[in-house]
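Working notes for the structure below.
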Amino acid sequence: MAKEPKSTRTLSHAVKGYLNLEDMKVTEVLDAETGDEVVHDLAEILAEYDDKEMSITISMKDKLEGE
């Protein structure tokens, strides 16, 4: 008897911007000249993963002064 394949669902989010850890929000600058921005609520995004197996990757690029 052949096993039935298990169904899976993949959910992912990507946000880029400036983290405000206290408010759990990321502010994404859409246009620096006009000041247009959008705020992503991390708590709201993470709620979709509550009680699910998941992984998180965070990266940061910092411009250094000097050479």
| message | Could you tell me if the side chain of Val15 sits less than 4.5 Å from the side chain of Leu42, heavy atoms only? | response | yes
| field | Nearest non-hydrogen partners of Asn20 and Asp23, listed with the distance | value | OD1-N, 2.9 Å
| message | I'd like to know whether Val39 forms a side chain to side chain contact (heavy atoms under 4.5 Å, CB included) with Val26, so could you lay out the CA-CA distance, the side-chain angles of the two residues, the decisive distance to 0.1 Å, and finally the verdict. | response | CA-CA 6 Å; Val39 177; Val26 172; over 6 Å; no
| message | When you compare the side chain of Leu46 with that of Ile56, does any pair of heavy atoms fall below 4.5 Å? | response | yes
| said: Do Glu48 and His13 make a side-chain contact, defined as non-hydrogen atoms from C-beta onward lying under 4.5 Å apart? | reply: yes
| Given the rule that I, L, V, M, F, W and Y join up when any side-chain heavy atoms are under 4.5 Å apart, are Ile58 and Met24 in one cluster? | yes
| Flag side-chain contact, heavy atom, 4.5 Å: Glu37 against Glu28 | no
| request: Heavy atoms only: give me the nearest Asp41-Lys25 pair and the separation to one decimal. | output: OD2-NZ, 3.5 Å
| What is the distance from atom CG of Leu19 to atom CD of Glu22, rounded to the nearest 0.5 Å? | 11.0 Å
| request: State whether the number of non-hydrogen atoms from other residues, nucleotides or ligands found under 6.0 Å of Tyr18 atom OH is greater than 12. | output: no
